[in-house]
Amino acid sequence: MHIAIAASEGVPFSKTGGLADVVGALPRALAALGHQVSVYLPRYRQTKLTDAATVARSITIPFDDQYRFPSVVTAGGQGGVRFYFVEYPPYFDRDALYGTPAGDYPDNAERFALFSRAVLEASKILGVPQIFHCHDWQSALIPVLLRTIYAEDPAFRDVGTVFTIHNMGYQGLFPPDTLPLLMLPWDLFTMSKMEFFGQVNFLKGALAYADYVTTVSRKYSQEIQTAEYGFGLEGVLHDRAATVTGILNGVDYEEWSPQTDKFIAAKYSPQDLSGKAKCKQDLLAAFGIAKADPKLPVIGIVSRFAAQKGFDLIALIMDRLAREEMIVVALGAGDKPYEELFLRLHKQFPNKIAVKVAYDNALAHKIEAGADMFLMPSRYEPCGLNQIYSLRYGTVPIVRATGGLDDTIEPWDARSGKGTGFKFTEYSGESLLLTIKAALEAFRDQTSWQVLMRNGMGKDFSWNASAREYGKVFDKVRQMRGAATASEKVLV
Ligand code: ADP
Ligand code: GLC
C-alpha cells in the first residue's frame, strides 16, 4: 500500500517534540512491513538537506489576495521511505517552526494551509497514495480539503484519510475570516464541522472529515472522550468513537539505547551495568556539579516546559523534597513562566536542583543514561516518549498515571520483584511527594533496585507492533472507501 504521511516536523530534519520522533521512525517501520511510504514536511530554515533535488518547481495555491507558488524538493530515499519538502521561504525560512517566545506566528493558518494544499497537489505529480496519514492540526486540513473543495477531483476518488492526534491541547484556532482568506467555503463554519466557540478549529475539521482517527496511546483515546481531557472536543470524539482508536508510539532503539548511544560517556547493557556510573559522573559534570556525592540518587527531567507537563506540582513540594537525599537535574525550554520557575528553584536550592534552560539533544541523552530516576508528573500525556526511553536506560520512571504514561509503566512491587516504575494518580503535590519518597526509599536497596532497572531494560517498545496496528487501520479505511466507491459506481 502507498501511504503518504504529512506532518509539521520529523527527525532528523526538524523537531520540537515527540511528534518529530514519531514521524522520523514510523515511516521506516511501515516500509519494513512492505509499504511504500512518502513523507511530506515543510522545509524550514532548520531543515538541513544534502543533495536536495527539486521535483516540482511551481505548485499553484490559491489565496484570496493572490496565488502563492511553493515548490517541492526531495532528499531522496532513506530506509525505503521517500522524503519530500514543501518549500516556500516567506512562510518557512524563519527563526523557529511555529513561533517565537512572544507567541505563535500570526500567519500560522496560512502557513499550514499552504503546506496541506501543496501536499495534495504535489501528490498528483509524485504519486497519489491510497492513504493520507495526517498528524496534528498543522496537517488537519488535508482530510477537510479532500472531502470538500477536492471532492470532485478524480485523482483522489478512492483515497482514504487517517488523522493522528498527538495532543488535544493544540487545535489550530483562528478567526472566522480565515475561511475566505484560505478560499474555503463558509459552510464549514458550523458546529458539526469547523466552528468552535466562534472560531475556526483546524483539528475539529479533521475530526469531522477523516475516515479514521487515532491517538498515541489506548488510555489517551479514552481520556479525550471526557471533559477533563477533551479540550472541548470530547463530544465530537465520543460521537465517532467507533472510528477512534489508540495506538501506542514505538521507540527508535537505534537512537535511544545505552548499548549504542553516541552521546553518552560509556555504553552499558542489562548484562553489564557498570558503564552507567560513568554516565552519571559525566552528567553531573555537564551540570557543573561534578563534586556531588555520586551515591546520591539523581532524578532527571527532560521536557518541553508547558502546563501539560505538571511542573507546577514540583514547585508545591520543592521545599520538602529538598530535605531528601537526592539531586534533581532538569533540562527544558518553552513557556517563560516554567523557565523562570525552574531557575528560581535552582536559586533557592542550589545543591538540590540543577537546571539548564535549553533545547539540547546530546544533554537529553546524557540525562537518560546518567540519572537514576526520570520524572514526568504530567497533567496529561498523550503518549510520552521519555519515560519509554528511560526504561531502556535503566533509569526508573516516576510518572503520573495518565495517558501513555499509565499504559507504559507498571508499578514496582518489591515483594514480587515485578514492575518498572512508580506511579501516582491524584494530581497533587502530596501524591507526587509520596511517590518520589517511595522511589528514594526503594533506591536504598541496590540489589532489588537492579531488578527494577533490568525489568525496564527488558521491555520492548519497538515500532514493529505499532506499525502493524497502523497497517490494520489503513486496511479498514481502504475497505470503507472501497465499499463507498463501489456503491457510488452502482448508483452511477
Ligand atoms: P512532547 O512531544 O509532549 O514534548 P514526548 O515525551 O513525546 O513529549 O517527546 C519529547 C521529545 O523531545 C523527546 O525526544 C525529548 O528527548 C525531546 N525533548 C524535549 N525537551 C527537550 C529539550 N529541552 N532538549 C532536548 N530534547 C528535548
Ligand atoms: C505529543 C504529546 C506526547 C507524545 C508525542 C508524540 O507532543 O505531548 O505525549 O508522545 O506527541 O506522539
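Each ligand, and each atom within it, is numbered from 1 in the order the structure gives.
Heavy-atom separations between Y389 and ligand 1 include at least one value shorter than 4.0 Å. Using a 4.0 Å heavy-atom cutoff, H166 is absent from the residues neighbouring ligand 1. Heavy-atom distances between C383 and ligand 1 stay at or above 4.0 Å for every pair. Proximity of K309 to ligand 1 is established by a heavy-atom distance of less than 4.0 Å.
Ligand-side atoms of ligand 1 in range of S303: 19 (C), 20 (N), 23 (N), range being under 4.0 angstrom from any heavy atom.
Closest heavy-atom approach to atom 10 (O) of ligand 2 within the set G17, G384, G403: this belongs to G384. The option from M376, Q308, R304 that lies nearest to atom 7 (O) of ligand 2, judged by heavy atoms, is R304.
Among all non-hydrogen protein atoms, the one lying nearest atom 6 (O) of ligand 1 is L385 N, 2.9 Å. In this structure, the protein non-hydrogen atom closest to atom 16 (O) of ligand 1 is N386 ND2, 3.3 Å.
Looking at H166 next to ligand 2, an N or O pair under 3.5 Å apart turns up. Ligand 1 has an N or O atom lying under 3.5 Å from an N or O atom of A358, backbone or side chain. Looking at ligand 1, you'll find an N or O of G18 within less than 3.5 Å of one of its N or O atoms.
Counted by atom type alone, K459 and T408 present zero donor-acceptor pairs between their side chains at under 3.5 Å.
Between F374 and Y389, the distance from one ring center to the other does not fall under 6.0 angstrom.
Heavy atoms from other residues, nucleotides or ligands lying under 6.0 Å from NE2 of H2 number more than 12.
Here N249 has side-chain heavy atoms under 4.0 Å from ligand 2, and that is the only part of it that gets that close. At a heavy-atom cutoff of 4.0 Å, ligand 2 is contacted by the side chain of V216 but not by its backbone.
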